[in-house]
Amino acid sequence: MAATTVPIRTALIEAEHVSKSFPSADGSTLHVLDDVSVTLHEGEVVALLGKSGSGKSTLLRTIAGLIAPTSGDIRYRGTPLNGANPGTAMVFQSFALMPWLSVQDNVELGLRAAGVPEKERRQRALDAIDQIGLDGFESAYPRELSGGMRQRVGFARALVLQPDVLLMDEPFSALDVLTSENLRGELISLWAQPDFPTKCICIVTHNIEEAVLLADRVLVLGSNPGHIKAEVPILLPRPRDRRSPTFEAAVDRLYAILTGRDEKSAAERAATPGPLTHPLPDASVGGLAGLVEIVYAHDGQSDLPDLADELSFEVDDLLPLVDAARMLGLLEVEGAQAFLTEVGRAWYTADIQRSKEMFAGLAVEHAPLVKTIVKALENSNDGALRDDFFRDLLRRGYNAEDTEKQLDIAIDWGRYGELFDYDANTGELVLSEVAAALTSTLMDGDAEG
Ligand code: ADP
Ligand code: MG
């Protein structure tokens, strides 16, 4: 017997050294993907897991041939792409249906584009509609359907093409919990059918449990710019039980990787952290206080996935809060465990005025954008600056939406710590006296004596 035979997995799609940049409004460049290599094989479900903004959608669109990489190659069955990838079909988070077309016509759209004759088109669409449980809704319009039904149309429209590789961009994240769980189950059953024509599924998600539920292999993307941080095989048999210890262990492991520091940012950390390299996590002071309070109530130590469960959050909903708490030194994370630091404990147990002062100190020390704002205000003539000044600075590293978000977070943090005040009507940020006193002690050398 040839005991040495190793099954060779057929590569369907190879992305090699893919980088992608976008020009931003002011002429600078936004690096979204950095040297990403991914191979999708026959017979596997691959999840691309990453935080919001890590470039997941960009990577998936590049694989689909909807956008071209800035550098690097994408091949489908060995042939470099020249435009749309003929071996793929895509399911979008937003469903992306044509509102003026019936279910039947929406599903037929791709076949029409491919020049499939009408009779065959009709029949294939009917089969796909049937397969995905939309039987009887052929002549309905998207607006007449629930979100779950609309996404079924999104599925049917992709499946009717019988793609080698089904690409899905957060297909369940716009749906309620029950509906998304049903659809996930149906996707798993379709995949298990021996005659299912699709040979590979690649699903983008920011949901750790979804990745563990569906994937044979999880590629974790790190951010700024997007890169592959880790690859984790999920060897659990199907159907998978979310409550099993092995399932939970896989969730914990991915959680640790996702929250863990990666080499990229280690290199970045060597440089002075700035508002463009170290974005503020999207967390309000109220949210931070809530998290710290809960960990405190758990004797200063919590398992994050358990905590998320308790609060009926998806485990990744906690990530920005956890990131913010770590940035400020309130929590430490080891694996999937969060620990309250001494500082965190002191902050939580202090009276309100003291806790504001502490927060001001931590924010100026650890939150680069807050520090930048305080320094700029100090250096201005009258301790006041328009928000547009900071907006322009942020635009060099963020898109319009993220710029606003960063500014909102910094203002929330700064106001809570009474470092500065903000008048939304005039758009003016004004330094407080507290800040002036505080920063002269913290920013050694920077402040005048
Ligand atoms: P994810 O899907 O992981 O949330 P995306 O791939 O959508 O991330 O986006 C990653 C980054 O690239 C974001 O900062 C986003 O604003 C930026 N980006 C995505 N598409 C474009 C584009 N067409 N032009 C400019 N910036 C873009
Ligand atoms: Mg996305």
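Whatever order the structure lists ligands and atoms in, that order sets their numbers, starting from 1.
Looking at atom 8 (O) of ligand 1, its nearest protein heavy atom turns out to be G55 N, 3.2 Å. Among all protein heavy atoms, the one lying closest to atom 15 (C) of ligand 1 is N399 ND2, 3.7 Å. Nearest non-hydrogen protein atom to atom 26 (N) of ligand 1 is F22 CD1, 3.5 Å. Looking at atom 1 (P) of ligand 1, its nearest protein heavy atom turns out to be G53 N, 3.5 Å. Nearest protein heavy-atom neighbour of atom 7 (O) of ligand 1: S57 CB, 3.7 Å. Protein heavy atom nearest atom 12 (O) of ligand 1, with residue, atom name and distance: V32 CG2, 3.1 Å.
Considering backbone and side-chain atoms alike, L30 places every N or O at 3.5 Å or more from each N or O of ligand 1.
Ion pair D388/R395 not flagged as a salt bridge, since none of the NZ, NE, NH1 or NH2 atoms sits closer than 4.0 Å to an Asp/Glu carboxylate oxygen. We find that R391 and E404 are joined by a salt bridge, their nearest charged nitrogen and carboxylate oxygen being less than 4.0 Å apart. By the 4.0 Å N-to-carboxylate-O rule, E42 lies too far from K199 to be salt-bridged with it. Taking 4.0 Å as the cut-off between side-chain N and carboxylate O, R184 and E209 do not count as a salt-bridged pair.
Residue E401 places its CD atom among 12 or fewer non-hydrogen atoms of other residues, nucleotides or ligands, all under 6.0 Å distant. Annotation: E332, atom CD; neighbour count of heavy atoms from other residues, nucleotides and ligands within 6.0 Å does not exceed 12.
The shortest separation from a heavy atom of G50 to ligand 1 is not under 4.0 Å, leaving the residue out of contact. Distances shorter than 4.0 angstrom occur between a heavy atom of K51 and an atom of ligand 1.
Heavy atoms of D402 found under 4.0 angstrom from ligand 1 belong exclusively to the side chain. At a heavy-atom distance under 4.0 Å, atoms from both the backbone and the side chain of T58 approach ligand 1.
Of the candidates D252, V220, I208, I257 forms a side-chain contact (heavy atoms from CB on, under 4.5 Å) with just one, namely V220.
Using the six-membered ring where Trp is involved, Y416 and W347 have ring planes that are perpendicular, over 60° apart on the 30 and 60° scheme.
Close approach to S54 involves these atoms of ligand 1, each under 4.0 Å from a residue heavy atom: 3 (O), 8 (O). Of all the atoms in ligand 1, the ones that sit under 4.0 Å from a non-hydrogen atom of S52 are 4 (O).
For the residue pair D169/S57, the side-chain donor-acceptor check at 3.5 Å is satisfied.
Put simply, T58 stays out of reach of the Mg ion (ligand 2), with no N, O or S atom under 2.8 Å from it.
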